[in-house]
Amino acid sequence: MPEGHTIHRAARLQNKRFKGKVLRSESPQGRFDSGSSQIDGQELRKIYANGKHLFYEFDSGDFVHVHLGLFGKFRTLSLPTDDPVSENCRWLLTSDTDRLHLAGPTVCEVIDSDQVDAIRRRLGPDPLVKRHREDPVEKMAKRLSRRTIPIGAAILDQKVLAGLGNVYRAEILYLIGLDPFTPSNQVSIQDLSALWSESVRLLTLGERAGRIVTTEPADVGKQRARDLGRYERLYCYKRHGEQCRRCGDTIRTADIDGRNIWWCPTEQT
DNA sequence: GCTGCATGATGAA
DNA sequence: TCATCCTGCAGCA
């Protein structure tokens, strides 16, 4: 379930277990053999998250760069355990007390600090990063000013905004009442500002909860977020043909750049 | 058991 | 715009 909140949460929780420890590094699957052996036996300084990217900094100055893509998954386990390591484990990190298991990532590679910087530089502002050199809304506006692609396509572009995925895209545009087909350069600065603050609010919530929840208590009653069913947590994602929770109009769907989006034509103009 | 789809991204055409 | 890579599971026979 990797959107930005998953990545930042993984960094936070993994730092608790592995930061500052000397680690055994292996690739049971074999596809990260040379990389994993390069850092075997080193101390992990810290794990950093940027957008959907993770960087594991080791004592030697090497970094392991991980991007989960659509299918990548982490599993952490306390040791000792009887659980066998699965065959598809790309990267296995082990301390004396914990085990980290990575499967199915799009990227898992050893890079240097210059390469880390290059990746960070090309990313847009990340709603889960607290300090920004440049005002994030202005930065987004700058990167959108000459573009006529639909805003629904633009906010999945990680150079514009780093960390949103297909669920948050649909939900955030719904919450700020913006039609996903609005040309990017026609989106007002007020709407961009709302887009940013809703991104910060919702990804922060998601990072804490470990799942994407966008519905407000007023719309779902008094149930706690974790007790809500999959679709109770969301307003429009994958709700094609259902009634909009707020106005009763029918939720529509369309394809934007090869990804499905869902929206309410009354709430979003 | 098989098929297709999915919260992602890239590189070729 | 398409094909490709990575994995898991829902839906269907």
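Note that the coordinates shown come from a computational prediction; the quantities given were computed from them, not determined experimentally. Chain identifiers are assigned alphabetically (A, B, ...) following the order of the sequence lines, protein sequences preceding nucleic acid strands; residue numbering begins at 1 within each chain.
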Is a donor on one side and an acceptor on the other found under 3.5 Å between the side chain of Ser184(A) and the backbone of Ile149(A)?
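Yes; at least one donor-acceptor contact below 3.5 Å.
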Report the nucleotide, chosen from [options], that has the shortest atom-to-atom distance to any side-chain atom of [X].
| X | options | result |
| --- | --- | --- |
| Arg90(A) | dT7(B), dC6(C), dA9(B) | dC6(C) |
| Asn166(A) | dT7(B), dT7(C), dA9(B) | dT7(B) |
| Glu3(A) | dA6(B), dT7(B), dT10(B) | dT7(B) |
| Pro2(A) | dA9(B), dC6(C), dT7(B) | dT7(B) |
| Lys73(A) | dG8(C), dT7(B), dC6(C) | dG8(C) |

When the [atom1] atoms of [N] and [M] are considered, how many whole Å apart are they?
| N | M | atom1 | result |
| --- | --- | --- | --- |
| dA13(B) | dC5(C) | P | 15 Å |
| dT7(B) | dG11(C) | P | 15 Å |
| dC6(C) | dG1(B) | C1' | 22 Å |
| dC2(C) | dA6(B) | P | 16 Å |
| dT10(B) | dG8(C) | P | 23 Å |

By a 5.5 angstrom centroid cut-off and a 30 degree plane limit, is there stacking between Phe71(A) and dT7(C)?
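Whether judged by distance or by angle, Phe71(A) passes, so it stacks on the base of dT7(C).
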Could you tell me how far apart [X] ([atom1]) and [N] ([atom2]) are, to the nearest whole angstrom?
| X | N | atom1 | atom2 | result |
| --- | --- | --- | --- | --- |
| Leu123(A) | dT10(B) | CG | C1' | 15 Å |
| Leu161(A) | dA9(B) | CG | P | 12 Å |
| Leu70(A) | dG4(B) | CG | C1' | 13 Å |
| Phe74(A) | dC6(C) | CZ | P | 18 Å |
| Leu164(A) | dA9(B) | CG | C1' | 15 Å |
| Asp257(A) | dA9(B) | CG | P | 13 Å |
| Glu109(A) | dC5(C) | CD | P | 18 Å |
| Leu68(A) | dT7(B) | CG | C1' | 11 Å |

Checking side-chain contact (heavy atoms from CB on, under 4.5 Å) against Ile47(A), which of Leu13(A), Val66(A), Asn15(A) comes through?
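Of the listed residues Leu13(A), Val66(A), Asn15(A), the side-chain contact (heavy atoms from CB on, under 4.5 Å) partner of Ile47(A) is Asn15(A).
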Please state whether the rings of His5(A) and Tyr168(A) are parallel, tilted or perpendicular, taking 30° and 60° as the class boundaries.
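Ring orientation, 0 to 90° scale: perpendicular.
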Using only side-chain N and O atoms of [X], determine if any of them is under 4.0 Å from OP1 or OP2 of [N].
| X | N | value |
| --- | --- | --- |
| Gln29(A) | dT7(C) | yes |
| Tyr237(A) | dT7(B) | yes |
| Arg211(A) | dT7(B) | no |

Just checking [X]: base, sugar-phosphate only, or nothing, at a heavy-atom cut-off of under 4.0 Å?
| X | value |
| --- | --- |
| Arg9(A) | nothing |
| Glu171(A) | nothing |
| Asp255(A) | nothing |
| Arg169(A) | nothing |

Checking N1-N3 plus N6-O4 or O6-N4 for Watson-Crick, or N1-O2 and O6-N3 for wobble, each under 3.5 Å, the partner of dC2(C) is dG11(B)
Are side-chain N/O atoms of Tyr235(A) and Glu267(A) paired as donor and acceptor at under 3.5 Å?
no
Looking just at side-chain N and O atoms, do His8(A) and Asp126(A) make a donor-acceptor pair shorter than 3.5 Å?
yes
Residues, nucleotides or ligands: over 12 heavy atoms within 6.0 Å of Arg208(A) CZ:
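No.
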Nearest heavy-atom neighbours spanning Ser27(A) and Phe32(A):
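Of all heavy-atom pairs spanning Ser27(A) and Phe32(A), the closest is OG-N, 3.0 Å.
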Residue met sooner reading DNA chain B from 5', once Asn260(A) and Arg122(A) are mapped to nucleotides
Asn260(A)
